[in-house]
There are 2 protein chains.
Amino acid sequence: MLDDGRTQPDGRTGTDGGGAEAPLYRRVKTYVLERIRDGALQPGDRVPSEHELVAALGVSRMTANRALRELTAEGRLTRVAGAGTFVAPAKPLGTVLEIRNIADEIQARGGAHSARVLHLATEPAAGEVAEGFGRPAGTPLFHSILVHAENGRPILLEDRWVAPDAAPDYLAQDFAQATPSEHLLAVAPVREVEHLVEAVLPDARTRTLLDMEVGEPCLLLRRRTWIAAAEAETEGGPGEGAETAPEGRAEGRAEGRVASLVELWFPGGRYRLGGRFRPG
Amino acid sequence: MLDDGRTQPDGRTGTDGGGAEAPLYRRVKTYVLERIRDGALQPGDRVPSEHELVAALGVSRMTANRALRELTAEGRLTRVAGAGTFVAPAKPLGTVLEIRNIADEIQARGGAHSARVLHLATEPAAGEVAEGFGRPAGTPLFHSILVHAENGRPILLEDRWVAPDAAPDYLAQDFAQATPSEHLLAVAPVREVEHLVEAVLPDARTRTLLDMEVGEPCLLLRRRTWIAAAEAETEGGPGEGAETAPEGRAEGRAEGRVASLVELWFPGGRYRLGGRFRPG
DNA sequence: AAGTGGTCTAGACCACCGA
DNA sequence: CGGTGGTCTAGACCACTTG
């Protein structure tokens, strides 16, 4: 049994003395999780079936089902219709780093954000940029270069290319007010994001713009975002949020088009990427 | 109505011509998501209540409930008992970077991983390390230093401190076989992880060990992991996986103890952190 | 008081797996 | 074939928010 022996339908505790009790489905989850934690259930082992949980814990099948379904969505279990439910292999530990809008981030820590637009124009896609977009060289793209500052001190050089069809009004924006990132988020629903982070030495121009010492390294973050391919895409595809096991992510190639390609240069001495994360 | 007009209880299509149909709860999710996508429902707007969905779509309340509950778990909606269901504010775009076990990562791209143990001993916690662990200076900790190589070329310097109670057998491990990360994952369930990434210039020793040029920067990843505080901690706390909205993460301080503190030094020219990600 | 979400149940049909 | 998960329903009680 679980905490107490109530088996009756709706024989809920009702107005018993205050002590809030966990809902049944949660207690079933805990029941399974504890057996995983203490080693009674190892990865690959078969978990009690819904029927068995019904019999063992005195809950309804729907409740047992919800518990196991949520644990599956959380990546702890694997289910095979007709076969059974099994403990998922241990996660490799991963996924991190919050990457937020720079303006929000600065404000969050009490700083004053400002931005200076160095460049804003339409340009034909060059070699690497064209490749990144998967479009032929010469394709016209919007190109912007901004320097973001915190309390007047430059903290980010943003070099961005944007597909005109993803954000037709891009050139008309006042990026001192809303960052390019904010504008794009508002007008183009992001379908997929790719990040690369590396440590590099900035070229002279970047170093100067960011007011850095000679020899000081930069954190360089390259980001590509995809938008949906103008289709109905009535859901159902991959990436169904909590519904899909984490493993599913690496698979499918995005079918959308690249909406933007951006290089973010942070001064190594003044900026760190960070993130805190609780594994499932 | 949804795809077809079936309203009858269990008046399922049964053995109709093959065309697999989406389950009802999924169609309800799509119904709501489409109204969000096409702008009919803006962030903050009230979503049809379960009752209204029952009336409008001819599904049972449990089905409508499941649809809205899952969308909430996926971060698309916010629910307030007694008040209603609302479209969640647009996500600030973020979270990325897979950080995996270096040995797995190298193998995944077809390389040969090897590791050399430079140091492995018990030492008293010094200033910064003691602080990081939240324990008094002088507390005995395990300390290991390894150099990982891909095809013989050094690619990672790992400087790690481990709490003895989290992994009592740490000193007895053969880290040429299983990395410290793998050992810790196996013996201590991680409760929380914190990462910091920055670009720095390595000191001479690190530069030499990683076979780097003078002036070449490093990607430095600092990671702290927490384990549960030896308590029953019967779940229920914060961080219930898919159950919790993403916002919840930044809040609570972990109540567990720091299990390990590690600095990972990557040669800037030879390593990039990357990740691909589909927003909910 | 009316409406909302939160939970739970008992029973049902289905497709699929494995013996 | 029996067992397993996958889904759906109708109805119920509860605590909470709102007017």
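Each chain gets a letter, A, B and so on, in the order the sequences are listed, and its residues count up from 1.
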Item to complete: Can you tell me the distance, in whole Å, between the CZ atom of A:Arg66 and the C1' atom of C:dG6?
Response: 8 Å
Worksheet item: Between C:dG6 atom P and B:Leu53 atom CG, what is the distance in whole Å?
Response: 13 Å
Is the phosphate of [N], meaning OP1 or OP2, less than 4.0 Å from a side-chain N or O of [X]?
X: A:Arg69; N: D:dG5; value: no
X: B:Thr63; N: D:dT9; value: yes
X: B:Tyr25; N: D:dC8; value: no

Looking only at the side chain of [X] (C-beta and beyond, no hydrogens), which of the listed nucleotides [options] gets closest?
X: B:Pro23; options: D:dG5, D:dT7, C:dT4; result: D:dT7
X: A:Ala83; options: D:dG6, D:dC8, C:dC17; result: C:dC17
X: A:Ser49; options: D:dC8, D:dT17, D:dG5; result: D:dG5
X: A:Val59; options: D:dT4, C:dT9, D:dG5; result: C:dT9
X: B:Ser60; options: D:dT9, C:dT9, D:dT4; result: D:dT9
X: A:Ala81; options: D:dG6, D:dT9, C:dC17; result: D:dG6

Worksheet item: For the side chain of A:Arg61 and the base of D:dG6, is some donor closer than 3.5 Å to an acceptor across the two?
Response: yes
Practice prompt. Starting from the 5' end of DNA chain C, give me the residue, A:Ala64 or B:Arg79, whose nearest nucleotide shows up first.
Written response: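 So the residue in question is B:Arg79.
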Donor-acceptor contact present, side-chain [X] to main-chain [Y], <3.5 Å:
X: B:Arg224; Y: B:Val193; value: no
X: A:Glu182; Y: A:Thr179; value: yes
X: A:Glu52; Y: A:Ser49; value: yes

Fill in: Contact nearer the 5' end of DNA chain D, comparing A:Leu68 with A:Met62
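Closer to the 5' end of DNA chain D: A:Leu68.
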Discussion item. Could you check whether A:Tyr170 and A:Phe175 have their ring centres less than 6.0 Å apart?
Written reply: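 They qualify: ring centres under 6.0 Å apart.
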Fill in: Short N-O contact, B:Lys29 and B:Glu70, less than 4.0 angstrom
yes
